[in-house]
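Below is one structure, written out as structure tokens, with a few remarks after it.
Counting convention: from 1, in listed order, for ligands and their atoms alike.
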Amino acid sequence: MAKIGINIATGSLQQQEMIVGIDLGTTNSLVAIIHPESRQAVALREHQSSSLVPSIVHFGPGNEATVGEEAKKFLVTEPQQTIFSVKRLMGKSYNDLRNSQSFFTYKIIDDESDRLVKVQVGDRFYSPIELSSLILSELKHRAEHILKTPVTKAVITVPAYFNDAQRQATRDAGKLAGLDVLRIINEPTAASLAYGLGLKKDEQKTIAVYDLGGGTFDISILRIVNGIFEVLSTNGDTYLGGDDIDQAIVSTWLQELQLPAAFVQQNKALAQEFRIRAEEAKVWLSSSLQYAGRVGDYAVSLGRDDFDRLIAPLVERTLTCCRNALKDASMAASQVEEVVMVGGSTRIPLIKERVGAFFGKKVHDELNPDEVVALGAAIQADILAGNNKDFLLLDITPLSLGIETMGGLMDVLIARNSKIPAKVSRQYTTQKDGQSGMRISVYQGERDLVRDNRKLAEFNLTGIPGMPAGIPKVELSFLINADGILVVKAVELRSGVAQSIEVKPQYGLTDEEVEKMLLDSITHASEDIRLRALVEAKTEAGQILDTTDRFITRNAAHLSQEETDATHRAMQELRAVLDSNDKDLIHQRIEQLNEISKPYAERLMDEAVAKKLKGGKV
Ligand code: ADP
Ligand code: MG
């Protein structure tokens, strides 16, 4: 299916490389391409099967991972080993997830902190990046199998509200799966592209993208001007989607059959069966008026009218989000010119009807709503590949630009393939009390450790007034102008101390060198990510040892001898593995230390609050 070309230099046959579009979804993921002959965007599927791959990873007894439909079978029977909704964990700390913990049936490490979450399966620890990379690897292999050609380049979509850390995590997951991620684009932008919106040069339009998936609802209001998409507002509900509809159907059936919910919960296989039948009924009712089926010995049925009544409150909630999004964009529903429907759940007739009525126009539902984001990503990939001659490629940065952070890690500020001009700022702070200077080293490249990248410049921000560690706020900004000149500026916001430097990142760099740097980052991806994880684990361990040490010294009087001894032992055990180069072992020991210090840390906290309350100071 891929184009075959002849390499003029060598005379050998050369396959033109295919850049794929990937929708890495919360519930389902898939790959799409632009068909080389028909030039149409198509979702990849094996024979007659579905293009959708459930975004679920199951770990077997020997820690071997399976992804997709096979993994989904274990969702209810082996909840601890079956990881779903990984996308919800991307770039998140445990504190971010505190209120939604009951949603996850697998073990998320509770370290009561702002550090990034990890998932524990047996004695192994996985970062959301590693878990997502397993899904992306599966997609890559499928695509290669279907296309019969290597797939190494991709455009991956993310929700419009994803922040920098979440986007970077998605890039890293791609890299770890052996993919060169050419660009991360917003899901609503991709969906609009799939409908040809934004592809005409002088078009100006306001678009609403209504996305109801398996577990999340997103509404985005976009404005396109001359091929550039601007997100005017986003709104939604991160816990509202098709799964809730399935739940509602199961509850109705249980009521009708007079089965107590507890009875079904005890019988996991039966609960699973009920859920499967409920989803089947829902899908069936998108095109028929009556469903009848069986769950074990029980007969179940549902009519379209009852179904519509059941989901009406849920639909109403999504419309409230739409109202809020319009308000944030200072816009009336009538000013929206196009409405794009995205997500499997928008196949439901009542939803199309109500959304159409809300915006007062016919909605776009001509394409498969669960494929449309991937189709748009494929269109973007094709533009980046330079195949779409109607579309001008804007100037982009060929390599990522960033600075050195703790442990020699590369912190990317402007990712490669970003449009020029671009400006990104990020805040940093000091590590030592009274630290008066900060060295800023600017690097270019795709590797995780700066020692493997190209150093562009270095300068010192000096004269920071003496403050405790963590208090100064140093804002670092990277501005790359239309001529490709990079201005790096550092400002300590509390004192106003500032320093800046100018560099030309492309100076003295040939295309071959850029190509080699990209290639290196892919071939070394797993090693790099392993090293990064290790450096992060060590940094984390160092910080925990410091804080614990300070805490027990300061509170020595309030701790029992056993508590102090146990803590010292756990600290010693953690120190002993710091040089082991085994990040899982380091995490285990961190966990162990946390388990020991948590009870007394909580007790002291409670006592302090109680004391304050008594003193009437709170
Ligand atoms: P996500 O973007 O969250 O990864 P999808 O866009 O693939 O998810 O949507 C998945 C949801 O769509 C599931 O809850 C599924 O049951 C639902 N769905 C798929 N087809 C239909 C249909 N015909 N009618 C109603 N819901 C559907
Ligand atoms: Mg989706």
Tyr126/Ile83 under side-chain contact (heavy atoms from CB on, under 4.5 Å): CA gap, chis, key distance, verdict: CA-CA 10 Å; Tyr126 300 91; Ile83 318 299; over 6 Å; no

Could you walk me through whether Arg347 and Ser286 pass the side-chain hydrogen bond (donor to acceptor under 3.5 Å, both in side chains) check? CA-CA 6 Å; Arg347 283 215 167 86; Ser286 290; over 6 Å; no

Stepwise side-chain contact (heavy atoms from CB on, under 4.5 Å) test for Arg323 and Thr320: CA-CA 5 Å; Arg323 251 172 240 123; Thr320 303; 3.8 Å; yes

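Centroid-to-centroid, the aromatic rings of Phe217 and Tyr210 come within less than 6.0 Å. Annotation: Phe103 is in aromatic contact with Phe84 [ring centroid separation under 6.0 Å].
Looking at Pro349, Pro54, Gly344, it is Gly344 that brings a heavy atom closest to atom 18 (N) of ligand 1. Nearest-residue assignment for atom 4 (O) of ligand 1 (options Val342, Thr27, Leu24; heavy-atom criterion): Thr27.
Counting heavy atoms under 4.0 Å from ligand 1, residue Ser286 touches it through the side chain alone.
Within the listing of ligand 1, atoms 14 (O) sit less than 4.0 angstrom from a heavy atom of Gly242. Atoms of ligand 1 found under 4.0 Å from any heavy atom of Gly343, numbered from 1 in the order shown, are 6 (O). Interface of Gly25 with ligand 1, defined as ligand atoms under 4.0 Å from a residue heavy atom, comprises 4 (O).
Of the protein's heavy atoms, Glu279 OE2, 3.4 Å lies nearest to atom 15 (C) of ligand 1. Distance from atom 25 (C) of ligand 1 to its nearest protein heavy atom, with residue and atom name: Ile348 CG1, 3.4 Å. Atom 8 (O) of ligand 1 has Gly214 N, 3.5 Å as its closest protein atom, hydrogens excluded (heavy atom only). Among protein heavy atoms, atom 2 (O) of ligand 1 sits closest to Gly213 CA, 4.1 Å. For atom 7 (O) of ligand 1, the closest heavy atom belonging to the protein is Asn28 ND2, 2.8 Å. Of the protein's heavy atoms, Arg347 NH1, 3.6 Å lies nearest to atom 20 (N) of ligand 1.
Distances between N or O atoms of Lys282 and those of ligand 1 include at least one value under 3.5 Å.
Residue contacts with ligand 1 include Ser345, since one or more of its heavy atoms lies under 4.0 Å from the ligand.
Residues in residues 245-268 take part in these salt bridge (charged side-chain N to carboxylate O under 4.0 Å, His left out) pairs, two or more places apart or across chains: Asp246-Lys282.
Distance OG1/Thr206 to CG/Leu326: 10.5 Å, rounded to 0.5 Å.
A donor and an acceptor atom, one from each side chain of Arg88 and Ser85, are located under 3.5 Å apart.
Listed by chain and residue number, Glu371 satisfy the salt bridge (Lys or Arg N to Asp or Glu O under 4.0 Å) test with Arg45 (two or more places apart in sequence, or in another chain).
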